[in-house]
Trainee: 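Got a structure for you, written out below as structure tokens; questions coming shortly.
Hydrogens, waters and symmetry mates are skipped; everything else that's a heavy atom, side chains included, is used. The shown structure was predicted, so the numbers you read here are calculated from the model rather than taken from an experiment.
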Amino acid sequence: QVQLVESGGGLVQAGGSLRLSCTASGRTFNNYAMGWFRQAPGKEREFVAAISWDGLNTYYTDSMKGRFTISRDNAQNTVYLQMNSLKPEDTAVYYCGARYRSAMSRSKADYDYWGQGTQVTVSS
């Protein structure tokens, strides 16, 4: 069992930046590939980015490549999502997920644990 807690969301103007954090507790963090997903009102939860257990491999949705950066610090049990050049359409609840002893995945069904989410609102 691992517990995930996201933080760092908030209200930002279009063009601004935010850095989300997801801190894990429980089992050994570097046993998990990690992913960020988001869910806007009335929409399905969608993949944003993923990172391998060692941080050496990352994977992004095409529309976010170049604007968002995922990283992790295994010593701090934390995964980050740096979001730059934010747009109103980035408004959503952002969730981190953990996938035990497996490769990165863009499918939400592959993740074993989820945090409670953090709200990101981008104003125009």
Trainee: I'd like to check the side-chain hydrogen bond (donor to acceptor under 3.5 Å, both in side chains) partners of Gln119; sequence neighbours left out, ordered by chain and number.
Mentor: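 Residues passing side-chain hydrogen bond (donor to acceptor under 3.5 Å, both in side chains) with Gln119: Thr121.
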Trainee: Is Val79 linked to Leu20 within one hydrophobic cluster, defined over Ile, Leu, Val, Met, Phe, Trp and Tyr using a side-chain heavy-atom separation of less than 4.5 Å?
Mentor: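 In one cluster: yes.
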Trainee: Report all side-chain donor-acceptor pairs from residues 2-13 shorter than 3.5 Å, counting only partners two or more places apart or in another chain.
Mentor:
residue, atom, partner, partner atom, Å
Gln3, OE1, Ser25, OG, 3.4
Glu6, OE1, Gln116, N, 3.0
Glu6, OE1, Gly117, N, 2.8
Glu6, OE2, Cys96, N, 2.8
Glu6, OE2, Gly117, N, 3.3

Trainee: If the condition is ring-ring contact (aromatic ring centres under 6.0 Å, His included), which residues does Tyr111 pass it with, not counting sequence neighbours?
Mentor: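 For Tyr111, the residues satisfying ring-ring contact (aromatic ring centres under 6.0 Å, His included) (neighbours in sequence not counted) are Phe37, Trp114.
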Trainee: According to side-chain hydrogen bond (donor to acceptor under 3.5 Å, both in side chains), who are the partners of Ser17, at least two apart in sequence or on a separate chain?
Mentor: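 Testing Ser17 for side-chain hydrogen bond (donor to acceptor under 3.5 Å, both in side chains), a comparison that skips the adjacent residues, returns Asn84.
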Trainee: Can you see which heavy atom on Ala92 is nearest to which on Ala40, and at what distance?
Mentor: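 Minimum heavy-atom contact is CB-N, 3.8 Å.
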Trainee: Going by the rule ring-ring contact (aromatic ring centres under 6.0 Å, His included), which residues pair with Trp53 if we only count those two or more places apart in sequence or in a different chain?
Mentor: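 For Trp53 there are no ring-ring contact (aromatic ring centres under 6.0 Å, His included) partners, ignoring immediate neighbours.
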Trainee: How long is the gap from OH on Tyr59 to NZ on Lys65, to the nearest 0.5 Å?
Mentor: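 Rounded to the nearest 0.5 Å, the OH-NZ separation comes to 8.0 Å.
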Trainee: Any pair with a residue in residues 44-59 that passes salt bridge (charged side-chain N to carboxylate O under 4.0 Å, His left out), sequence neighbours left out, goes on the list, sorted by first then second residue, please.
Mentor: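 As it turns out, the salt bridge (charged side-chain N to carboxylate O under 4.0 Å, His left out) pairs with a partner in residues 44-59, which skip direct neighbours, are Arg38-Glu46, Glu44-Lys108.
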Trainee: Same cluster for Met34 and Met64 if Ile/Leu/Val/Met/Phe/Trp/Tyr side chains link at under 4.5 Å?
Mentor: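 Yes.
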Trainee: Can you give each donor-acceptor pair under 3.5 Å made by side-chain atoms of residues 97-105, sequence neighbours left out, with the distance rounded to 0.1 Å?
Mentor:
residue, atom, partner, partner atom, Å
Arg99, NE, Asp110, O, 3.2
Arg99, NH1, Ala103, O, 2.6
Tyr100, OH, Arg27, NH2, 3.0
Ser102, OG, Tyr100, O, 2.9
Ser105, OG, Ser107, N, 3.0
Ser105, OG, Asp110, OD2, 2.5

Trainee: Measuring only between side-chain heavy atoms, which start at C-beta, is Met83 closer than 4.5 Å to Asp90?
Mentor: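 Counting from C-beta outward, Met83 and Asp90 never come under 4.5 Å.
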Trainee: Please list all pairs meeting disulfide (SG to SG under 2.5 Å) that have one or both residues in residues 31-68, counting only residues at least two apart or in different chains.
Mentor: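 The answer is none; no pair qualifies.
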Trainee: Report whether Phe47 and Val93 are members of the same hydrophobic cluster (ILVMFWY, side-chain heavy atoms less than 4.5 Å apart, transitive linking).
Mentor: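 Yes, it is one cluster - the side chains of Phe47 and Val93 are joined through contacts under 4.5 Å.
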Trainee: What pairs with Lys87 under side-chain hydrogen bond (donor to acceptor under 3.5 Å, both in side chains), at least two apart in sequence or on another chain?
Mentor: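 Expected list: none.
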Trainee: Do the non-hydrogen side-chain atoms of Tyr113 and Tyr32 ever get within less than 4.5 Å of each other?
Mentor: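 Yes, side chains in contact.
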Trainee: Answer yes if Ile70 and Tyr94 sit in the same cluster of Ile, Leu, Val, Met, Phe, Trp and Tyr residues linked by side chain heavy atoms under 4.5 Å apart, and no otherwise.
Mentor: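 Yes.
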Trainee: Nearest 0.5 Å please: distance from the OG1 atom of Thr118 over to the CG atom of Leu18.
Mentor: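 Taking OG1 in Thr118 and CG in Leu18, the distance rounds to 8.5 Å.
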Trainee: Does NZ or CZ of Arg67 fall inside the cone over Tyr60's six-membered ring, less than 6.0 Å from its centre and within 45° of the axis?
Mentor: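 Because its charged atom misses either the 6.0 Å distance or the 45° angle limit, Arg67 does not stack over Tyr60.
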Trainee: Can you sort out the partners of Thr78 under side-chain hydrogen bond (donor to acceptor under 3.5 Å, both in side chains), two or more places apart, ordered by chain and number?
Mentor: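 Partners of Thr78 by the side-chain hydrogen bond (donor to acceptor under 3.5 Å, both in side chains) criterion, ordered by chain and then number, come out as Thr23.
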Trainee: Under the disulfide (SG to SG under 2.5 Å) definition, can you give me all pairs with a residue in residues 23-63, not counting sequence neighbours?
Mentor: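 For residues 23-63, and leaving out neighbouring residues, there are no disulfide (SG to SG under 2.5 Å) pairs at all.
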Trainee: Under the rule for side-chain contact (heavy atoms from CB on, under 4.5 Å), what residues qualify as partners of Arg19, not counting sequence neighbours?
Mentor: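 For Arg19 the side-chain contact (heavy atoms from CB on, under 4.5 Å) partners, ignoring immediate neighbours, are Tyr80, Gln82.
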Trainee: Indicate yes or no: at least one non-hydrogen side-chain atom of Phe29 is less than 4.5 angstrom from one of Arg72.
Mentor: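 They are in side-chain contact.
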Trainee: Hey, mind stepping through Leu81 and Val48 against side chain to side chain contact (heavy atoms under 4.5 Å, CB included) and telling me if it holds?
Mentor: CA-CA 9 Å; Leu81 184 69; Val48 174; 4.0 Å; yes
Trainee: Checking side chain to side chain contact (heavy atoms under 4.5 Å, CB included) for the pair Ile51/Asn57: CA distance, chi angles, key distance, verdict?
Mentor: CA-CA 6 Å; Ile51 190 165; Asn57 297 291; over 6 Å; no
